[in-house]
Colleague: 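Okay, here's the structure, questions in a sec.
Sequential numbering from 1 along the given sequence is applied to the chain's residues. Predicted model, so just to flag it, every value in this text is computed and none were measured.
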Amino acid sequence: MVRRQSRIVQSHCVGGGIDDDHSNIPPSIWAINEDSKHRIWFSSERDGFRFLENGVIKTPLWKNQVVYALNSSLQDDYGNCYFSISNPCSVVKIKGPDKIEYIDSKEFVYFLSRFRSGEPVMGKSGGAGLWICTKNEMTNDHQDYIKIDSSKGLKLFNVLTASKDKLGNVWMGRISQGISVYITGRDSVINFLKRRTKKYPSYFIMY
């Protein structure tokens, strides 16, 4: 594994090098991923996207369409890269330097990743919960997603992280709020949330 990673780094950095002009690199990098053409993509909070190709940091042709990004990304089985963005509230699927596709969302996507079994997942804001894609490639068809939300008992307002355990249960969390666990066999959620009182400034209660 270490040798393989070394060869990847060498192909991008040593073999041909990175251009000495680094002025095109955004000042803050929020997420990084590699596409099927071995281009390395960078997203930034307010400075859009850049990509590394043949040792040169380049700007995509669609740069003015997507400026504000969040800090999550994933790659599907086909080598497509996805990044969460904040304006518009969406996920952007990068098809190349000249083409993108929006995976529409009415809410912010704070968490974007893949489970151990390979499914792409989106952790959303505004009580929309966690969306698990049933296909290897993310789509705009809401029927292609399993939704873990308030209808299943989820009490997290925003899902900022999630992981599936070996039993198929899904653990979700949010800063300052606590943990929720989707029990697959019951198709319902158990919540362990933080509640503050004068006597107990911080403790967890199960719902």
Side-chain angles (χ1 to χ4, degrees), residues 30-33 43 45 66 68-78 80-94 101-207:
W30 279 46
I32 301 174
N33 222 316
S43 71
E45 180 187 13
V66 181
Y68 301 98
L70 297 173
N71 59 343
S72 291
S73 68
L74 69 83
Q75 183 192 71
D76 66 22
D77 287 344
Y78 305 103
N80 298 309
C81 286
Y82 304 81
F83 288 82
S84 56
I85 59 176
S86 59
N87 188 14
C89 295
S90 184
V91 169
V92 62
K93 176 181 179 181
I94 296 178
E101 177 185 344
Y102 291 108
I103 307 298
D104 292 330
S105 174
K106 295 180 180 179
E107 306 83 17
F108 289 117
V109 176
Y110 287 131
F111 177 74
L112 188 62
S113 187
R114 296 176 71 179
F115 282 156
R116 59 195 293 160
S117 44
E119 311 100 306
V121 294
M122 295 186 288
K124 296 194 172 192
S125 67
L130 187 77
W131 289 33
I132 305 171
C133 188
T134 59
K135 298 182 179 298
N136 290 329
E137 187 172 5
M138 295 181 71
T139 74
N140 273 309
D141 188 345
H142 289 191
Q143 294 183 355
D144 290 336
Y145 295 85
I146 298 170
K147 305 175 185 66
I148 303 175
D149 54 21
S150 59
S151 67
K152 299 184 185 297
L154 180 67
K155 294 186 180 297
L156 295 181
F157 189 70
N158 301 324
V159 176
L160 301 188
T161 186
S163 181
K164 178 188 283 189
D165 65 24
K166 65 180 181 180
L167 299 177
N169 303 318
V170 179
W171 297 71
M172 296 161 283
R174 178 196 172 185
I175 296 172
S176 78
Q177 195 169 7
I179 296 172
S180 296
V181 187
Y182 171 72
I183 308 300
T184 301
R186 300 177 183 175
D187 191 28
S188 62
V189 174
I190 299 174
N191 301 278
F192 301 88
L193 304 184
K194 185 181 294 185
R195 174 176 288 180
R196 292 184 177 90
T197 66
K198 291 182 179 180
K199 186 176 181 180
Y200 301 103
S202 178
Y203 73 96
F204 288 90
I205 185 169
M206 186 177 76
Y207 290 84

Colleague: Could you tell me whether the side chain of I85 reaches within less than 4.5 Å of the side chain of V91, counting heavy atoms only?
Modeller: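 Heavy-atom side-chain distance check fails, nothing below 4.5 Å.
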Colleague: For residues N191 and L156, report the shortest heavy-atom separation together with the two atoms involved.
Modeller: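 Closest pair (atom of N191, atom of L156, distance): OD1-N, 4.5 Å.
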Colleague: Are Y110 and N71 close enough, and set up right, to give a side-chain contact (heavy atoms from CB on, under 4.5 Å), and what steps lead you there?
Modeller: CA-CA 7 Å; Y110 287 131; N71 59 343; 6.0 Å; no
Colleague: With a 3.5 Å distance limit and no angle check, can you tell me whether D76 reaches the backbone of Y78 through a side-chain donor-acceptor pair?
Modeller: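 Yes; judged by distance alone, with no hydrogens or angles, the pair exists.
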Colleague: Of the non-hydrogen atoms in F111 and A162, which two are nearest, and what is the gap between them?
Modeller: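 Smallest interatomic distance, heavy atoms only, reads CZ-O, 3.4 Å.
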Colleague: With a 4.5 Å heavy-atom cut-off, do D187 and K152 have their side chains touching?
Modeller: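 With C-beta onward as the side chain, the pair touches.
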Colleague: What distance do M138 atom CE and N80 atom CG have between them, rounded to the nearest 0.5 Å?
Modeller: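 CG of N80 is found 11.0 Å from CE of M138.
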Colleague: Salt bridge (charged side-chain N to carboxylate O under 4.0 Å, His left out) with E137: which residues, sequence neighbours excluded?
Modeller: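 E137: salt bridge (charged side-chain N to carboxylate O under 4.0 Å, His left out) contacts with K93.
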Colleague: Which heavy atom in I179 sits nearest to a heavy atom in W171, and how many Å separate them?
Modeller: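 In terms of heavy atoms, the two residues are closest at CG2-CE3, 3.9 Å.
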Colleague: What pairs of residues pass the salt bridge (charged side-chain N to carboxylate O under 4.0 Å, His left out) test when at least one of them lies in residues 115-125, not counting sequence neighbours?
Modeller: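 For residues 115-125, and leaving out neighbouring residues, the salt bridge (charged side-chain N to carboxylate O under 4.0 Å, His left out) pairs sorted by first residue read E107-K124, E119-K164.
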Colleague: Should V92 and E101 count as side-chain neighbours, where that means a heavy-atom distance under 4.5 Å?
Modeller: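 No, side chains not in contact.
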Colleague: Search all heavy atoms of S180 against all heavy atoms of V189 and return the closest pair with its distance.
Modeller: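 S180 and V189 have their closest heavy atoms at CB-CG1, 3.8 Å.
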Colleague: Nearest 0.5 Å, what's the CG-OH distance between D149 and Y182?
Modeller: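 D149 atom CG to Y182 atom OH measures 10.5 Å (nearest 0.5 Å).
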Colleague: Once you round to the nearest 0.5 Å, how far does CE of M122 lie from NZ of K147?
Modeller: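 Answer for the CE-NZ pair, M122 versus K147, is 9.0 Å.
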Colleague: Hey, does Y145 have a side-chain heavy atom less than 4.5 Å from the side chain of T139?
Modeller: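 SC-SC contact between T139 and Y145 confirmed.
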Colleague: Grab the two heavy atoms, one from V121 and one from R114, that are nearest each other, plus how far apart they are.
Modeller: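 Between these two residues, the closest heavy atoms are CG2-N, 4.3 Å.
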Colleague: Measure from the side-chain N and O atoms of S125 to the backbone N and O of N158, and report whether any donor-acceptor pair falls under 3.5 Å.
Modeller: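 No; judged by distance alone, with no hydrogens or angles, the pair does not exist.
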Colleague: Using the test side-chain contact (heavy atoms from CB on, under 4.5 Å), find all partners of I32 that sit at least two apart in sequence or belong to another chain.
Modeller: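 Here the qualifying residues are I29, I40, F42.
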Colleague: To the nearest 0.5 Å, what is the distance between OG (S90) and OH (Y102)?
Modeller: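 Answer rounded to 0.5 Å: 7.0 Å.
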Colleague: Can you find a heavy atom in the side chain of T184 that is under 4.5 Å from one in the side chain of L167?
Modeller: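 They are not in side-chain contact.
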Colleague: Under the side chain to side chain donor-acceptor pair (under 3.5 Å) test, which residues partner N136, sequence neighbours left out?
Modeller: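 Side chain to side chain donor-acceptor pair (under 3.5 Å) list for N136, sorted by chain: D77.
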Colleague: My understanding is that only residues two or more places apart in sequence, or in another chain, count here; which of them pass side-chain contact (heavy atoms from CB on, under 4.5 Å) with Y68?
Modeller: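 So Y68 forms a side-chain contact (heavy atoms from CB on, under 4.5 Å) with R46, S86, N87.
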Colleague: What's the spacing between F108 CZ and S72 OG if we round to 0.5 Å?
Modeller: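 Interatomic distance, F108 CZ to S72 OG, rounded to 0.5 Å: 13.0 Å.
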Colleague: Would you mind listing every salt bridge (charged side-chain N to carboxylate O under 4.0 Å, His left out) that reaches into residues 169-181, with sequence neighbours excluded?
Modeller: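 Not a single pair qualifies under salt bridge (charged side-chain N to carboxylate O under 4.0 Å, His left out).
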Colleague: Roughly how far apart are S73 OG and W30 CH2, rounded to 0.5 Å?
Modeller: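 Those atoms lie 13.5 Å apart.
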Colleague: Do Y82 and L112 have side chains that approach each other closer than 4.5 Å (heavy atoms only, starting at C-beta)?
Modeller: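 When only atoms from C-beta onward are counted, L112 and Y82 do touch, with a gap below 4.5 Å.
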Colleague: Closest approach of I183 and N169, non-hydrogen atoms and distance?
Modeller: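 Answer, listing the atom of I183 first, then N169: CA-OD1, 3.5 Å.
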